[in-house]
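Take a look at the structure below.
Numbers restart at 1 for each chain; the letters A, B, ... are given by sequence-line order, proteins then strands.
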Amino acid sequence: KDSDTIKVGFNLELTGDIPKVGEASKFAAEMLKEEINSQGGLEVGGKKYKLEFVYQDNEAKAESAVNAALKLINQDKVIAIVGPNSSKQAIPAGATCNDSQVPMVTPWSTNPDTTKDRPWVFRACFLDPFQGPVAVNFASKQFGAKTAAVIFDIANDYSKGLAEIFKKEWEKKSGPGTVVGFESHGTKDQDFSAQLTKIIAAKPDFIFIPDNYNQVALIVKQAHDLGYKGPFMGSDAWGSAELMTLCGKDCVGQFFSTHYAAAGAQGATKEFIDRYTTKYKYVPDDVAALTWDATRLVLQAIQAVGKVEKDIKAERKLVRDALAGIKEFAGITGNMKFAGTGDPNKCAVVVQISPEGKFEFKETVCPE
Amino acid sequence: MKTLLEVKNLKVRYGNIEALHGISFDVKEGEIVTLIGANGAGKSTTLLSICRLPPPEAPRVVEGDILFNGQSLLNVPPHKIVSDLDMALVPEGRRIFGNLTVEENLKLATYARKDGHEAAVRDYERVYALFPRLAERRKQRSESLSGGEQQMLALGRAIMSKCSFLMLDEPSMGLAPLLMYDMFRTLKELNREGLTILLIEQNANLALRFAHRGYVLDTGEIVAHGTSEQLLADPEVKKAYLGG
Amino acid sequence: MQKHTVTIGVFALIALIAVLAQFNVLDAYYVSVLMFMGVNIILATSLNLVNGYMGEFSCGHGGFMCVGAYVSSLCTVLMFSKNAILGAPLLPPSMTFIGFPLALLVGSFAAAIAGLVVAIPSFKTRGDYLAIITLAANYIVISAINNMEIIGGPRGFMGMSATEVGMKSVLDIPWVLIFTMLGTLGSVWLLRRFVSSTLGKGVSAISQDEIAAEIMSVDTNRMKLIAFMLSSGLAGLAGGLYAHILGYVNPQSFDIMRSTEIMVMVYLGGMGSLSGAALAAVLFTVLMEALRFLDVWKWVVIPLLLILLMQFRPEGLMGNKELADLFPKLRKFYSFK
Amino acid sequence: MEIFQHILNALQFGSFYALIALGYTLVYGVLRLINFAHGDIFMVGAYIAYFVAVTLLGIGGLHLGMDMHPALALAITVPATMILTALVGVALERTMYRPLRRKGANRLYVVITALMAGLMLENGNLALLGASRKRFPDLLEKVVWDLGGGVSVTNLKVIVIVAAIAVFLLLQFIVTRTKIGMAMRGISYDKFAIPLMGIPLDTIIVFTFILGSSMAGLAGILFAMSYPILEPYMGALIGWKAFIAAVVGGIGDIRGAIVGGFLLGFIEIGVVAVFPSTLRDLFAFSVLLIILWLRPTGIFGVAQTTKI
Amino acid sequence: MSLLEINGLTRRFGGLIAVNDFNIDLGEHELVALIGPNGAGKTTVFNLISGFYQPSEGSIKLKGKDTKGLRPHQVTALGVARTFQGIRLWGEMHVLDNIRIAQHYRLGYSLLDCFLRTKNYVHREKAIDAIAWELLEAMDLKDVAYELPRNLPYGVQRRVEIARAMSVKPSLLLLDEPAAGLNSSDVEGLIKLVRWIYDNFPVTIWMIEHQMKVVMSLCTRIKVIDFGTTIADGSPDEIQKNHAVIKAYLGDDTI
Ligand SMILES: Nc1ncnc2c1ncn2[C@@H]1O[C@H](COP(=O)(O)OP(=O)(O)OP(=O)(O)O)[C@@H](O)[C@H]1O
Ligand SMILES: Nc1ncnc2c1ncn2[C@@H]1O[C@H](COP(=O)(O)OP(=O)(O)OP(=O)(O)O)[C@@H](O)[C@H]1O
Ligand SMILES: [Mg+2]
Ligand SMILES: [Mg+2]
């Protein structure tokens, strides 16, 4: 009976700092599993296998992520692992998977270290060094801005890394000293008035906020309370359905770069969004979409292997090779090209928030 | 004379250790009764059980009954015993509130008093007259008082709580001789005004001279009782508790 | 001979576990749980010296662990791994056998020095005020590391796995597991020796009546210095081991939540009982893993279990007793001194 | 000019620290219990306020089909939240702290229980309500007053600051001037002797929890109005920091809590105003550490004179 | 050379003068009492000697050495031991440990010795143990060696406290109200114990006590203070007849 199922593990942050991220991942995966299983299972080499997804909570902690990975590998005997999402967990878990020779695909970790020198680790998202310039180019064109200010989360490597890349790129483009404010805050902070007071006093043309959506909502509101009237530019971490519930009219009209635009999406992307929205009562954010893609990457690799080996180790090796062999993949977050590093080469989109709270497509930026 | 307090076959425990093995005694209205006995005989335990303070520090009554004015105390919460039945206990080790000033300590003791401000003021005067030392130290945090001064404060508090039944656990401990005699004289005076007193005192000689009647406690049991004269004259008691 | 039964037994157990791990009878998951268990034992027993034996309320143990983790990692990475600071490794892999324990020692030492930040104010400050100092020290350490770009800041720091790889390249056995077990044993042994000596009992005297201790000739300042530095030094050792087990450290792994966990283990085990702390560490680690399946509910169930446990045993699992007190027969086999 | 804005900001954020620190100090001042669950009671307060408010406004919660004017809703939400939050605090005391106290457990076990209770509140919330954050509805028409020179202040900021000071004055009066307050202080020194003064011990303790928790509820609703995003862990960090503030001020002293709270607000905002903001925690906590080095019992704390 | 020499000792607490220009000169092997009304400053004098308080004015010389600025444990190391007005034993450690720990100042081994269990360590611990047992034996406390002090009767606790002080091997023993809270027969025992110590050890004993029976039957010299100032100093007979002492302290025992 066991040979009729295929087990995939998920290493997710279901509790801890960012439970919403883990939840969205889990929802997307469940949806995918139900879809495939309702069609009788995943077809590999002409035979249909039922999918079994095993979820382990990593509590958004590094060592817990390692333990979760080891448990998935050794106890649950999964073929491959999807997750963790945040780089803090994805980096050590990636090392574990690489050492244990288990393929791992992280949906959302944008830190270069996650996949670096790790043949068994892959990802479904673009990297920070790519997203930074996207924001720079778009903002200088759209706002005609000469000066910029940045506020970011010091304890979040994603936010900090992106902020630094942005600063470097912006000063390269507009000259030294044109980033007139560069302020940080902590992950669980709720008051940003001091940072914003400083930034506003420096009179930037716009404010770049590479921050999680929940903090964005507070920052934008407080900036308005302090009398700021200029524009904001954001990054992919804004892309949550919750952003608008939390931020309300303060965020209307602002721009951010992201993996995909939910509003006005077409084809498979739209289908995904609609189904997710009906099922879970909110518009899926980028993590959900990326998890969907990451999981599908894994499943595609399994199908590409064409058979399910009895020996799990051999099967994992084959799946890894198949993953490495994928050159192009049409995901709902855009087309990905892999060049053997485990990192996709994919386009980013910039969206604007409409008065109805939709993320409307503005432009696509692709790597040269 | 009416029996005020009646203890019947009282057995109490600390955890699993039985400290009193069924003692019975009574105190009549207007009397001074003393409990004497060696260290660890269970004298303090008796008073704590009467006050019904909650365990773990205080003992647990497992058998017997305590009647006050005919009413059983076993189901009366401890603060009610003080506020409604007008009993007061000066506990062993003084237990003053060290972070409050002398004045606040006295004031707190009037928490449950119902006889108005003036009466309380009269009692303040009385306490300060009895212990002029306390008047000098009114505003001092009481934990920095000397040992004897703290003892005065503990007594002062009992007077302030306006009780009609006073239980004293070694009130003379740490007091200088002069003051000790003064204190006993004042207590006698209060007794003449109607206060009933149950006294524990290490100095058995002194206690028996002061009290009307006495009970001798030995490892949780009452081994002798009688009027003070009888006990003072009893050769056994003399040998064991009066220091020959 | 009988006196050494326990000693021999313990070493035999360590050897057995190592062999089982080597031949994959214990898979990597169990091995990692075992190693984290060891780290937790060191953390809980060392904190117990301060919170249990000395009766202080230190709630920033994670900070010292952090110092040890970073310093020892820095050492091994500089020595044995390709890194951003020095480029190529300084030493060949065969040197790892000296380099690794040495790095752990340096880490512990650094953590012990960091312990001074708490030890010195403790001369004048006690109780909950000291608790805040430890808490602040925890925040300061984490914030300082977040600000140190060169060791990765909030991104974390890695490259420690090169050490294990180096050791395995000489002889392929589970080295980190062995070192962790030896480190755990060593820590408990050191603490045990300390608290059972007349010197170490001065610490308990401070907790029970500091004034009496000082007046009866105990140099309380010196005792506090020793206790805090020993405790934070061992936390540093635990941190060093932790970093090399994981191969990656991140300042957020050592925040208040971590310190809270350690504290919970101490009080769960019983204040002033080394075996209690160790037992609690084992129990806690197992519980954390066993309840994984509860997902979100895990962190509702674990506190609830602990609360219930404390209601039934308000002095912790062991109170202030040691195993040898509960099972006096053990004394026959070991002097427990 | 920037400096005035910073001062206003510091006053507002300091007010929250102060309001929460007051609750900490109150319970501590009576029971010597560091009620680590207090930050989470504050969180619960904010959620209660949310559910009451959306129910009254008819946009969620119990769906009673009400459709109240926001101002009226606010007037009802404030007392309702304070009462309901007080109930939560009292429930913790009755079910967890009191039984332990009765068993004579070391006070640190009660502290750990409080920590665990806090974790349960946080994660129980997460498990029951899901990971979505809640957006607190606008109950107050926001007014931004431009004071000139780039300094602006909202009506809400003014309300928060006034509330903190009012609560402080009320508590200070209760604790230092009334017999109940005296009894509260007495309990902290010797619980055992309290009944001997004819004072109902448990009643006073429950009263303390009612006071402290209702203040946390008030802080919760004000906080939710100022920073309208609610999540299960929102009370944890601010709770720890408020606790630190309370201790730096001199724990157990009402003045200490308010001064410590504002002090922490000023230090945090001040560091960010002058230095790169990345150094905020590092500097702020170093300053607090130094204050405690110099004044080992906090700003208002009195060292216990040990009499031997 | 005198053992203890106090000159012009004064101690203020805020505006309050607890001890005022206190002088005394104690030789080796004496048995002296310090009495006076409550709050007279007796305990404060002891606290000043043991280094728990620092004098506002005046000097304290122990065997010719000024103790100014010394911490209490350093003073103890010079040979001063004391008991406390309220018993202050370490309640969670058995009696034997209580007595061992009071020998901390002459442990004679280092932390490293302790970790490595060197010969020196073993040797010193044995010596400490031997002294402790010797004292327990001599003071009839052997049976309670492994009891926790808080479980012992009050009278026994007092004895343990004195034994602990003796394990310091003091040349000056300060007893603060040793008879307080003892019943009549225990008081007899205490008197015998103090006398035994005095007879068997080269120690000067200085005690504060309110029970005249104890003071009069033991001490050869009595010093009386009131409001921090000396009002009398002399032999028991002289003191008992001194009018100032009777008026301020002794009173008359009519009840
Ligand atoms: N809190 C407690 N826990 C356990 N046992 C106790 C406790 N308090 C007292 N005991 C024991 O109960 C017995 C009676 O003690 P109690 O204090 O009543 O004696 P006492 O006659 O007042 O003696 P003393 O003269 O020393 O005050 C003693 O054996 C004592 O050890
Ligand atoms: N730390 C302190 N702060 C303020 N006042 C103090 C302090 N210590 C002692 N005093 C005061 O100094 C005076 C002397 O106290 P001390 O304890 O020396 O008295 P004593 O002679 O031992 O009295 P007793 O016989 O009652 O024990 C007392 O009035 C006391 O209130
Ligand atoms: Mg007694
Ligand atoms: Mg005295």
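Counting heavy-atom pairs under 4.5 Å between each of D/Leu126, D/Leu108, D/Asn106 and chain C puts D/Leu108 at the top. The candidate from D/Leu289, D/Leu282, D/Val111 with the greatest count of non-hydrogen atom pairs under 4.5 Å with chain C is D/Leu282. Of all the listed residues (C/Phe123, C/Tyr129, C/Phe57, C/Trp299), the one sharing the greatest number of non-hydrogen pairs under 4.5 Å with chain D is C/Tyr129. Ranking D/Asp281, D/Leu288, D/Ile112 against chain C, the residue ahead of the rest is D/Ile112, based on heavy-atom pairs under 4.5 Å. Ranked by heavy-atom pairs shorter than 4.5 Å toward chain D, the options C/Asn146, C/Ile302, C/Ile140 are led by C/Ile140. When each of C/Met310, C/Lys124, C/Met263, C/Arg313 is checked for heavy-atom pairs under 4.5 Å with chain D, C/Met310 comes out on top. In terms of heavy-atom pairs under 4.5 Å with chain C, the best-connected choice from D/Ala127, D/Pro276, D/Ala105 is D/Ala127. Most heavy-atom pairs under 4.5 Å with chain D, from the set C/Gly316, C/Pro303, C/Ala131: that is C/Pro303. Contact tally against chain D (heavy-atom pairs below 4.5 Å) for C/Ile142, C/Thr125, C/Asp128: the top residue is C/Asp128. Between chain D and the residues C/Ile256, C/Leu268, C/Val141, the most heavy-atom pairs under 4.5 angstrom are made by C/Ile256.
Heavy-atom distances place the side chain of D/Leu115, and not its backbone, under 4.5 Å from chain C. Neither the backbone nor the side chain of D/Val110 comes within contact range of chain C, judged by heavy atoms closer than 4.5 Å. Residue contact with chain D, scored on non-hydrogen atoms closer than 4.5 Å, involves the backbone and the side chain of C/Val117 alike. In this structure, chain D has heavy atoms under 4.5 Å from both the backbone and the side chain of C/Met271. With a 4.5 angstrom heavy-atom cutoff, C/Asn147 touches chain D only via side-chain atoms. With a 4.5 Å cut-off on non-hydrogen atoms, C/Leu308 does not touch chain D at all. Looking at C/Leu135, only its side chain comes within 4.5 Å of chain D, counting heavy atoms on both sides. Contacts between D/Leu121 and chain C at a heavy-atom distance below 4.5 Å are absent for every atom of the residue. Using a 4.5 Å cut-off between heavy atoms, C/Leu306 contacts chain D through its side chain alone, with no backbone atom that close. Interface residue C/Tyr267: backbone and side-chain heavy atoms are both found under 4.5 Å from chain D. Residue D/Phe36 touches chain C through its side chain alone, counting heavy-atom pairs closer than 4.5 Å. Residue C/Ile215 touches chain D through its side chain alone, counting heavy-atom pairs closer than 4.5 Å. With a 4.5 angstrom heavy-atom cutoff, D/Leu292 touches chain C via backbone and side-chain atoms both.
Judged by distance alone, with hydrogens and angles left aside, the side-chain atoms of C/Lys298 form a donor-acceptor pair with the main-chain N or O of C/Met288 at under 3.5 Å. Using modelled atom types, one side-chain atom of C/Asn51 and one backbone atom of C/Ser58 make a donor-acceptor pair closer than 3.5 Å. A donor-acceptor pair under 3.5 Å is absent between the side-chain atoms of D/Thr25 and the main chain of D/Leu22, judged by distance alone. Counting only distance, with no hydrogens or angles, the side chain of D/Glu93 and the backbone of D/Val206 share no donor-acceptor pair below 3.5 Å. A distance-only check finds a donor-acceptor pair linking the side chain of C/Arg258 to the backbone of C/Ser253 [under 3.5 Å].
Checked by atom type, the side-chain pair C/His61/C/Ser46 shows a donor-acceptor distance below 3.5 Å. Between the side chains of D/Tyr109 and C/Glu315, no donor-acceptor pair is found at a separation under 3.5 Å. D/Tyr233 and D/Asn123 form a side-chain donor-acceptor contact under 3.5 Å, judged by distance and modelled atom types alone.
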Go through it in stages, so that I can follow the logic: the residues are D/Phe16 and D/Phe42, the test is ring pair (Phe, Tyr, Trp, His ring centres under 6.0 Å), and I'd like the CA-CA distance, side-chain angles, deciding distance and then a yes or no. CA-CA 10 Å; D/Phe16 287 116; D/Phe42 156 81; 7.4 Å; no
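Centroid-to-centroid, the aromatic rings of D/Phe262 and D/Phe266 stay 6.0 Å apart or farther.
Atom CD1 in C/Ile145 sits 5.5 Å away from atom CE in C/Met148 (nearest 0.5 Å). Here the OG1-CG distance, from D/Thr208 to D/Leu33, works out to 11.0 Å after rounding to the nearest 0.5 Å.
Taking a cutoff of 4.0 Å between a charged side-chain nitrogen and a carboxylate oxygen, D/Glu231 and D/Lys134 do not qualify as a salt bridge. Checked for salt-bridge contact, D/Arg102 and D/Asp202 meet the test: a charged N lies under 4.0 Å from a carboxylate O.
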